[in-house]
Amino acid sequence: AGGGGGGYGGHGYSEERSSARRVADHYSARSNQTLEERENSPIIHLKKLNNWIKSVLIQLYAHPGDCVLDLACGKGGDLIKWDKAKVGYYVGVDIAEGSIKDCMTRYNGDTDQQRRKKFSFPARLICADCYEARLDEHLYEDAPFDICSCQFALHYSWSTEARARQALANVSALLRPGGIFIGTMPDANVIIKRLRETDGMEFGNSVYWISFGEEYAEKKFPASRPFGIKYKFHLEDAVDCPEWVVPFHLFKLLAEEYDLELVLTKNFHEFVHEYLQKPEFAELMRRLGALGDGRQDQSTLSQDEWEVAYLYLAFVLRKRGQPPSQ
Ligand code: SAM
């Protein structure tokens, strides 16, 4: 795996850029947990559930030999999932330098936890702002990709219209016709509903809280101003940084402008109920141990973790056009 690429630095940040920097610093500062720390996490079952959802998406949509673009790849937590799908090539991009370093270490198999055979696919890792940089300029030799993934990260692009558009322009420019874009992000419908149900501007439980500023005291979010709706998100042992609401119906319309058509969207609760019906995914859930035996939904996941799962959705988009004939 080679580093390099766009990078992020310099002075005179605009407000959006410094928000992006804050997000990058937050993720860069989070070091790799030991196995013991991970097992003792108050959200260990939620992490396992999230991994199950990403694994299901990858198993449903990736094919052997696929060329993969992992936007906001983080520390490479999905490398093993892609390996199981027998993909042919992997490019990971993330804004956080520390995460890219950890991802490289994981790919090279040099951590204690990673005494495993080497990954079967070549990989390239790049540190860049996926929502600012024109990635096609960096990746013209690697494109087109068969599948693009952006897990728990696309909402960081909705700070401005320009960034939301650049995110979709990058995906569209780099996917082949018929290529697939899979992802997970907060479910704005649930978040806004929760905000309206609460008396103040903050809600949550023992493992998370979300807080909106007083500028949203009326709790109205006109469709004419869908970008830059900021809230603070805190998830125990995981996240503590600004995030942006992504009104999904507007995301769908914007994606269409970039030739990306909606194939599927499901809140995580619905996703779990639907795909647990399939024996192979129930078996995977049993092995991961997120939901006990895979039949009683919450046998090991706490109610508070299950509530956090309700804050997220999974989506699948397809790039318009016919795949090149074999
Ligand atoms: N996708 C990984 C996963 O599922 O394990 C990481 C998810 S983590 C919640 C969010 C990631 O988004 C972090 O690694 C962060 O550095 C990355 N990120 C946030 N803004 C970004 C941007 N503008 N460009 C690239 N990566 C970004």
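Each ligand, and each atom within it, is numbered from 1 in the order the structure gives.
- Taking a cutoff of 4.0 Å between a charged side-chain nitrogen and a carboxylate oxygen, E243 and K230 do not qualify as a salt bridge.
- Distances between N or O atoms of Y27 and those of ligand 1 include no value under 3.5 Å.
- In terms of polar-atom proximity, D70 is not counted as a contact of ligand 1, lacking any N or O under 3.5 Å from an N or O of the ligand.
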Does the pair N51 and K81 meet the rule for a side chain to side chain donor-acceptor pair (under 3.5 Å), with working shown?
CA-CA 9 Å; N51 273 320; K81 302 176 187 72; 2.7 Å; yes

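- Annotation for ligand 1: atoms under 4.0 Å from non-hydrogen atoms of Q151 are 1 (N), 2 (C), 4 (O), 7 (C).
- Pairing each heavy atom of L250 with each of P226, the nearest pair is CD1-CB, 3.4 Å.
- Using the six-membered ring where Trp is involved, H269 and H273 have ring planes that are perpendicular, over 60° apart on the 30 and 60° scheme.
- Using a 4.0 Å cut-off between heavy atoms, D94 contacts ligand 1 through both its backbone and its side chain.
- Remark: ligand 1 and C130 share an N or O pair separated by less than 3.5 Å (distance only, no angle test).
- Contacts with ligand 1 closer than 4.0 Å are made by side-chain heavy atoms of Y156 only, the backbone lying farther away.
- Residue A128 places a heavy atom less than 4.0 Å from ligand 1.
- For an aromatic pair to be called close, the ring centres must be under 6.0 Å apart, and F181 with F315 satisfies this.
- Counting heavy atoms closer than 4.0 Å to ligand 1, residue C73 contributes backbone atoms (N, CA, C, O) but none from C-beta onward.
- The shell of residues lying under 4.0 angstrom from ligand 1, judged by heavy atoms, includes R163.
- Between K319 and E261 there is no salt bridge, since no side-chain N of the basic residue sits under 4.0 Å from a carboxylate O of the acidic one.
- When ring centroids are compared, Y107 and Y90 stay outside the 6.0 Å threshold.
- Within the 4.0 Å heavy-atom cutoff, A153 counts among the residues contacting ligand 1.
- For ligand 1, the polar-atom distance check finds an N/O of A72 within less than 3.5 Å of one of the ligand's N/O atoms.
- Of the possible polar contacts, one joining the H26 side chain to the D240 backbone as a donor-acceptor pair under 3.5 Å is found.
- For atom 18 (N) of ligand 1, the closest non-hydrogen atom of the protein is I95 CG2, 3.7 Å.
- Every N/O-N/O distance between Y131 and ligand 1 stays at or above 3.5 Å.
- Listed by number with element, the atoms of ligand 1 under 4.0 angstrom from any heavy atom of F152 are 4 (O), 9 (C), 10 (C).
- Other residues, nucleotides and ligands place no more than 12 heavy atoms under 6.0 Å from the CD atom of Q322.
- A salt bridge links E97 with R21: the distance from a Lys NZ or Arg NE/NH1/NH2 to an Asp or Glu carboxylate oxygen falls below 4.0 Å.
- Atom 23 (N) of ligand 1 has D129 OD1, 2.8 Å as its closest protein atom, hydrogens excluded (heavy atom only).
- Distances below 4.0 Å separate heavy atoms of G74 from the following atoms of ligand 1: 6 (C), 14 (O).
- Ionic pairing of K47 and D237 is present here: one or more N-O contacts between side-chain nitrogen and carboxylate oxygen are shorter than 4.0 angstrom.
- The shortest heavy-atom distance from K54 to ligand 1 is under 4.0 Å.
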